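Before any comments, here is the structure.
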Amino acid sequence: METQNREIKEMSQEQGDSSASVNFIQMIINQDLAEGKNQGRVHTRFPPEPNGYLHIGHAKSICLNFGLAAQYQGLCNLRFDDTNPSKEEVEYVESIQNDVHWLGFDWAERLYYASDYFERLYLFAEQLIMKGKAYVCDLSAQEIREFRGTLTEPGQNSPYRDRTVEENLRLFREMRAGAYDDGARVLRGKIDMASPNLNMRDPVLYRIQRATHHRTGDDWCIYPMYDFAHPLSDAIEGITHSIWTLEFENHRPLYDWVLESCDINPGPQQIEFARLNLTYTVMSKRKLRQLVEDGSVKGWDDPRMPTISGLRRRGYTPEAIRDFCERIGVAKSNSTVDISLLEHCIREDLNQRAPRAMCVLRPLKVVLVNYPEDQVEMLPGEINPEDPNMGMRDLPFSRELYIEQEDFMENPPKKFFRLSPGSEVRLKHAYIIKCVDVIKDSVTGEVTELHCTYDLETKSGMPSSGRKVKGTLHWVSAAHAVPVEVRLYENLFLKENPDEDQEEDFKVNLNPNSLEVLDKALIEPFWGRAALGSKFQFLRQGYFCVDPDSASGRLVFNRVVSLKDTWSKLMKSK
RNA sequence: UGGGGCGUAGCCAAGCGGUAAGGCACUGGUCUUUGGAUCCAGCAUUUCGUAGGUUCGAAUCCUGCCGCCCCAGCCA
């Protein structure tokens with residue numbers, strides 16, 4: 001037996017099985033399959049409440065649920081957990097579907113709503129009453145809280161706990177019929193007021209709430225609670241593995257109680273994993289909503305937001321997000337993943353796929369004093385060196401150019417491989433130039449223009465172009481470049497964990513420089529009409545994406561992420 | 001002071017009684033007309049929260065202790 005195991009291990013190692021490490025949920029499923037549970041089926045679901053926009057934490061759950069289904073040739077449903085009409089809106093159900101699709105997952109025809117089950121759920125509740133497992137309670141919310149006891153003291157039974165089945169049934173039907181005011185009565189499970197698990201102290205199953213539901217309108221004035229609706233919705237859909245986040249672990253006994261009490265056996269199995277946290281951002285819907293509502297960001301899809309729509313607008317790709325979700329793993333320990341892993345994933349993806357462009361963010365004029373006045377050369381440059389199939393584009397080159405302000409220093413420190421008086425650099429895809437004169441504003445002393453000479457012999461691609469210089473700069477031709485707006489983003493928060501100090505308002509840690517707008521940037525003309533959403537690598541700078549705001553005519557670019565930059569790191573460490 | 005979870009490098013995370021995978025980050029070096037990418041190397045020298053115990057052998061089993069997270073909504 002042991003030898004066999006070892007052989008299996010060695011075999012999978014020899015095959016270089018990259019998915020060799022199996023997470024604890026896959027372990028459970030493997031075991032279930034081995035035992036023949038669920039007739040070998042794997043059926044999961046992603047069950048958001050439509051009360052906000054999805055964020056990267058939801059992406060983890062989506063990838064997990066849809067991913068497991070795919071891996072085991074099973075199914076995954078999309079189900080809206082819409083049991084609280086006062087918080088839910090169609091706007092959200094639409095954005096959620098859009099985001100899940102965009103991430104690359106498909107629920108086919110299995111789009112469900114808990115509200116579709118309201119009638120069946122109601123019937124289950126009546127059954128519970130008839131079995132003496134549920135009762136109508138007239139205690140106020142306040143009283144229920146008081147009767148519940150505390151973490152260390154048991155609760156007390158409600159005085160309404162022993163109503164007869166007949167009375168309970170009558171009352172519950174009257175609740176449904178609208179005979180009582182909101183909050184006047186609730187239906188409760190009759191479990192155990194002394195349970196150490198507070199969720200088991202006669203939990204509320206139904207409440208009266210007169211609110212127009214986004215799907216059922218005013219058909220109902222009683223709504224099931226999550227703890228009642230969720231296990232039954234799972235059961236109705238034939239879910240085998242109901243995967244939730246850790247904070248629902250304490251609800252599992254109740255989940256199982258509901259199923260058992262409704263004679264559903266075997267029922268779905270609830271499994272809990274740790275939700276995702278990311279450094280330098282917040283993930284709770286409440287806090288994200290606050291940022292939107294008080295104008296700290298421009299909307300749910302602000303490129304600084306960790307929402308799916310924000311990441312999409314920023315320029316993240318579904319591939320990168322899926323890759324990220326795979327790399328972070330699935331476990332039960334609360335963890336905070338370093339944002340640099342997410343950044344790594346998008347760099348890796350875009351490096352392979354994004355066309356290269358030269359774009360000068362903060363222009364500094366360069367005049368090539370020995371270049372003919374009216375001459376324009378078209379110089380070829382590869383669109384993506386990682387993928388020769390993407391071909392070439394032409395770059396106009398002329399006497400007057402712009403380079404990046406920070407690529408010139410009058411008194412450079414050691415190891416500054418860029419332009420300075422008397423030094424030489426190569427202009428990418430073009431010539432080696434040498435700085436011969438520095439023109440300054442007579443009043444401010446600010447450098448306004450550089451005079452350089454170019455070396456005709458060093459034209460890119462020519463046999464004599466082999467001369468080496470330390471630095472290579474990006475540039476644009478003054479007469480040909482297209483003005484664009486560039487938006488640079490940094491982390492939304494200055495602190496790694498903005499939630500850390502519960503006492504202080506998390507917003508004191510907002511990064512005042514999370515957005516910087518550059519309105520004088522110039523891009524090479526070849527990309528001057530780039531399409532909305534298209535992504536580029538701006539040479540030596542980072543990856544950029546065309547923002548929807550470009551619709552007005554002028555191109556607006558979002559910086560997705562900068563390139564790794566050992567130079568600035570070196571400078572900072574000094 | 002009740003109950004439920006979790007503790008493996010700076011951050012994730014494998015490991016399931018046979019002698020610490022992998023990724024990110026970081027550090028060197030190679031290469032380079034992107035200070036990018038690539039490639040190579042280094043990165044827990046009895047160490048897995050901690051103290052004991054069982055065992056020929058423990059991150060893995062047992063016991064105590066410590067730390068962190070969740071639960072007292074008619075939210076999900």
Side-chain angles (χ1 to χ4, degrees), chain A residues 13 18 20-23 27 47-49 51 81 83-84 86-87 137 139-141 144-146 148-155 182-188 195-201 203-209 223 225-227 229-230 244-253 272 274 279 285 326-345 347-348 351-352 356 358 381 385-386 415-418 425-430 432 458 460-461 465-466 468-474 496 537-542 562-570:
Chain A
Q13 275 166 7
S18 62
S21 94
V22 163
N23 69 46
M27 218 119 77
E49 182 187 18
N51 68 344
D81 221 338
T83 57
N84 185 357
S86 63
K87 290 190 173 178
C137 180
L139 255 25
S140 70
I144 287 186
R145 196 175 311 129
E146 285 162 10
R148 185 154 32 222
T150 68
L151 294 177
T152 51
E153 304 156 29
D182 288 14
R185 298 185 213 266
V186 293
L187 183 72
R188 294 229 253 165
S195 170
N197 182 341
L198 305 214
N199 294 125
M200 299 299 271
R201 322 244 261 227
V204 172
L205 268 22
Y206 268 88
R207 77 284 215 183
I208 303 171
Q209 190 179 116
Y223 291 93
M225 299 287 290
Y226 159 85
D227 281 310
H230 204 90
W244 256 124
T245 41
L246 243 31
E247 66 268 28
F248 289 94
E249 236 166 350
N250 295 326
H251 292 245
R252 198 190 325 146
E272 307 85 10
T279 55
K285 265 186 202 170
E326 208 143 290
R327 287 171 184 251
I328 57 178
V330 179
K332 296 193 70 161
S333 64
N334 288 311
S335 59
T336 303
V337 176
D338 198 317
I339 188 81
S340 66
L341 179 58
L342 217 211
E343 294 175 344
H344 168 81
C345 291
R347 283 194 189 103
E348 194 168 77
N351 180 43
Q352 296 303 314
R356 307 291 128 121
M358 292 211 277
E386 303 291 325
K415 294 194 179 173
F416 184 81
F417 302 150
R418 309 180 188 180
V425 294
R426 171 169 292 280
L427 296 180
K428 180 75 177 175
H429 302 307
I432 289 175
T458 59
S460 286
S465 70
K468 301 279 190 222
V469 287
K470 272 286 193 182
T472 301
L473 309 185
H474 61 281
E496 252 194 50
Q537 184 198 92
F538 287 178
L539 246 49
R540 305 205 305 130
Q541 314 254 29
S562 65
L563 250 30
K564 290 187 81 175
D565 184 356
T566 50
W567 167 247
S568 71
K569 202 180 292 172
L570 217 169

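Bear in mind the structure is a predicted one, so any value in this text is a computation, not a measurement. So that the names make sense, note that chain A is the first sequence line, chain B the second, and so on, each numbered from 1.
- A glycosidic torsion no more than 90° from 0 defines the syn conformation; G64(B) lies beyond that range and is anti.
- Shortest non-hydrogen contact noted between T279(A) and I339(A) is OG1-N, 2.9 Å.
- Between A331(A) and K415(A), the one whose closest nucleotide on RNA chain B sits nearer the 5' end is A331(A).
- With a cut-off of 3.5 Å on both Watson-Crick or G-U wobble distances, the partner of C61(B) is given as G53(B).
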Footprint string (nucleotides 68-76 of chain B, 5' to 3'): B base within contact, S backbone only, - free, heavy atoms under 4.0 Å: -SBBBSBBB
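- Residues L473(A) and K428(A) are not in side-chain contact: their nearest non-hydrogen atoms beyond the backbone lie 4.5 Å or more apart.
- Within 4.0 Å of S86(A), counting heavy atoms only, lies no atom of the nucleic acid at all.
- Applying the side-chain contact (heavy atoms from CB on, under 4.5 Å) test to L563(A) and every residue at least two apart in sequence or in another chain returns Q537(A), Y543(A).
- Looking at T150(A), its side chain does come within 3.5 Å of a backbone N or O of E153(A) through a donor-acceptor pair.
- Pairing for U47(B) is absent, with no Watson-Crick or G-U wobble pair whose two atom distances lie under 3.5 Å.
- Under the Watson-Crick or G-U wobble criterion, with both distances below 3.5 Å, A76(B) is left unpaired in every strand shown.
- Nucleotides A25(B) and U38(B) are separated by 10 Å at their P atoms, to the nearest Å.
- E49(A) approaches K87(A) most closely through the heavy-atom pair OE2-CB, 4.1 Å.
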Which parts of nucleotides 21-34 of chain B does protein reach within less than 4.0 Å, heavy atoms only, written one letter per nucleotide 5' to 3' as B for base, S for sugar-phosphate only and - for none? --SSSS------BB
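- Distances shorter than 4.0 Å separate none of the side-chain N or O atoms of S568(A) from OP1 or OP2 on G35(B).
- Not one N or O on the side chain of R327(A) forms a donor-acceptor pair closer than 3.5 Å with the backbone of L341(A).
- U30(B) and C39(B): their C1' atoms are spaced 7 Å apart (whole Å).
- Taking atom CD of residue E249(A) and atom P of nucleotide G2(B), one finds them 19 Å apart after rounding to whole Å.
- Within 6.0 Å of atom CD in E326(A), 12 or fewer heavy atoms from other residues, nucleotides or ligands are found, so the atom counts as exposed in its surroundings.
- Pair assignment for C6(B): G67(B), on the basis of Watson-Crick or G-U wobble contacts that are both within less than 3.5 Å.
- The backbone N or O of T458(A) lies less than 3.5 Å from a partner atom in the side chain of R426(A), making a donor-acceptor pair.
- For S335(A) (side chain) and V337(A) (main-chain N/O), no donor-acceptor pair under 3.5 Å exists by modelled atom type.
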